[in-house]
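In the text below, chain A, chain B and the rest are named by the order of the sequence lines, each starting its count at 1.
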2 protein chains.
Amino acid sequence: MKNITKRQKEILQLIAKNIEDKGYPPSYQELANQMNIKSKFAILKHIDALVAKGYLEKDSAARGLRIIDPQYAPANKNEVSVPLIGRVAAGFPILAQENVERYIPIPRAMIKAEGRYFALKVRGDSMINAGIFEDDLVIVNSTNMARNRDIVVALLHDEVTVKRLMTDRGQTFLKAENPNYDNIYPEGEWSIQGKVVGLVREIN
Amino acid sequence: MKNITKRQKEILQLIAKNIEDKGYPPSYQELANQMNIKSKFAILKHIDALVAKGYLEKDSAARGLRIIDPQYAPANKNEVSVPLIGRVAAGFPILAQENVERYIPIPRAMIKAEGRYFALKVRGDSMINAGIFEDDLVIVNSTNMARNRDIVVALLHDEVTVKRLMTDRGQTFLKAENPNYDNIYPEGEWSIQGKVVGLVREIN
DNA sequence: ATAATTGGTGTACCTTAGTACATTAAGCGG
DNA sequence: CCGCTTAATGTACTAAGGTACACCAATTAT
């Protein structure tokens with residue numbers, strides 16, 4: 001997706017906020033007022049640029065604006081759009097743009113604290129005794145602070161893993177919740193990327 | 001909530017559809033066109049009646065309409081509103097109005113077939129080996145047709161239970177997925193109320 | 001240093017959009 | 001049968017709303 005300028009981003013955010021607050025998009029005059037711009041035509045040029053870059057659709061009708069990029073779409077009061085993390089590139093933090101496959105909606109009820117969230121498709125069966133199965137979607141609060149027994153997303157040697165964080169006699173390790181797997185006592189560089197706060201499963 | 005006339009209901013549905021399709025509410029002229037009415041003022045009178053009855057909010061701005069009754073709110077393309085079933089009253093089918101605690105939004109991705117759906121909070125730990133834990137929310141397609149090994153919601157002696165449906169040598173039984181529980185060979189009246197198609201878990 | 005891009009102002013025009021009033025007709029309830 | 005409610009038409013007015021063009025300034029890239 002093409003880059004947008006600071007002012008264009010501001011316009012997208014204002015359109016979304018207007019829809020969230022009032023239920024309908026703003027007019028060009030309303031956008032101009034909010035951005036301390038006197039000319040509706042300046043707003044029109046920004047909007048036309050956003051249309052050309054694929055962030056907006058515009059109908060020739062009053063307030064005929066639609067945000068089509070999910071990253072900027074108006075918030076729904078029942079859901080939040082979070083990045084779905086795919087393959088993690090070496091050397092990048094997990095929420096680097098490179099790792100984002102797409103954005104997906106998740107139930108807003110899972111968001112209990114401020115901060116950034118992401119979703120991750122579970123690979124493997126190491127956590128089945130915690131009720132986390134292969135292909136489940138775990139919802140993760142992006143934080144490096146977790147407590148004993150929290151289920152965390154960790155990064156070891158550029159590999160993403162979901163495990164229970166344990167501390168015993170001052171030693172921290174990652175516990176699988178499947179007796180077929182050993183605990184992991186990380187050496188070298190590793191980090192907690194987030195804490196699992198929810199799970200979504202589709203059953204066929 | 002006050003009753004509305006047939007034409008008023010039609011207006012609410014058209015407004016919702018316009019928002020779903022185009023992302024913004026219709027103008028009075030657009031509503032008039034869709035209802036084969038020549039006069040915008042007729043539309044205005046219907047709208048004012050809906051405002052007075054508490055179904056709509058109206059701003060004095062172009063397309064300044066907001067549906068405030070959830071029953072008529074525009075559908076969100078990422079979520080569906082389904083009834084959350086609480087205590088099940090004796091002698092009533094599970095989706096009887098009496099059993100509905102409230103409506104909750106669930107991810108639309110779980111809806112793969114036509115039909116009715118409901119949500120159920122899991123009680124007990126009889127299904128933990130299927131990754132279904134206490135307090136999980138299972139999403140259920142309301143059907144009495146299920147196949148071997150499907151996870152179903154059954155009604156036995158007016159009790160709701162979630163179990164795996166098994167058929168062995170022509171005999172049907174309900175299998176717990178926890179070795180601490182026996183299989184159930186239902187006698188007397190029992191029925192399948194639905195098939196589990198999804199699960200949502202919040203983790204604290 | 002220059003050209004291109006981004007960002008904006010001011011003016012103008014036309015259509016849309018909401019609002020208001022007078023009026024008529026059909027249906028329903030008492 | 002009458003009165004009330006619902007449903008609609010027609011006309012008019014004003015402001016909002018979108019679109020277009022000429023022009024200017026600052027920033028960024030070459």
Please report the distance, rounded to the nearest Å, between CD1 in A:I37 and P in C:dT9. 6 Å
In Å, rounded to the nearest 0.5 Å, how long is the span from CD1 of A:I106 to CD of B:E79? 12.5 Å
Anything under 3.5 Å between a protein N or O and an N or O of nucleotides 27-30 of chain D, put it in a table, one pair a line.
none

Is the shortest side-chain N/O distance from B:R7 to OP1 or OP2 of D:dA8 below 4.0 Å? yes
What nitrogen or oxygen pairs link the protein and nucleotides 3-5 of chain C at under 3.5 Å?
none

Listed partners of B:K58 passing side chain to side chain donor-acceptor pair (under 3.5 Å), at least two apart: B:D48
Please determine if a side-chain N or O atom of A:H46 lies less than 4.0 Å away from the OP1 or OP2 oxygen of C:dG7. yes
Is there a residue in residues 9-23 of chain A whose heavy atoms reach under 4.0 Å of DNA chain D, and which residues are they? none
The helix from C:dA1-D:dT30 to C:dG30-D:dC1: angle between end helix axes, five pairs per end, rounded to 10 degrees: 50°
Length of the line joining A:N33:CG and D:dG17:P, which is rounded to integer Å: 10 Å
What N/O pairs connect the protein and nucleotides 19-25 of chain D at under 3.5 Å? Give each pair on its own line.
unit_1, atom_1, unit_2, atom_2, d
D:dT19, OP1, A:S60, OG, 2.5
D:dT19, OP2, A:Y28, OH, 3.0
D:dT19, OP2, A:K58, NZ, 3.2

Atom CD1 of A:I4 to atom C1' of C:dG7: distance rounded to whole Å? 15 Å
Just the rounded figure in Å: distance from C1' of D:dA16 to CD of B:Q29. 16 Å
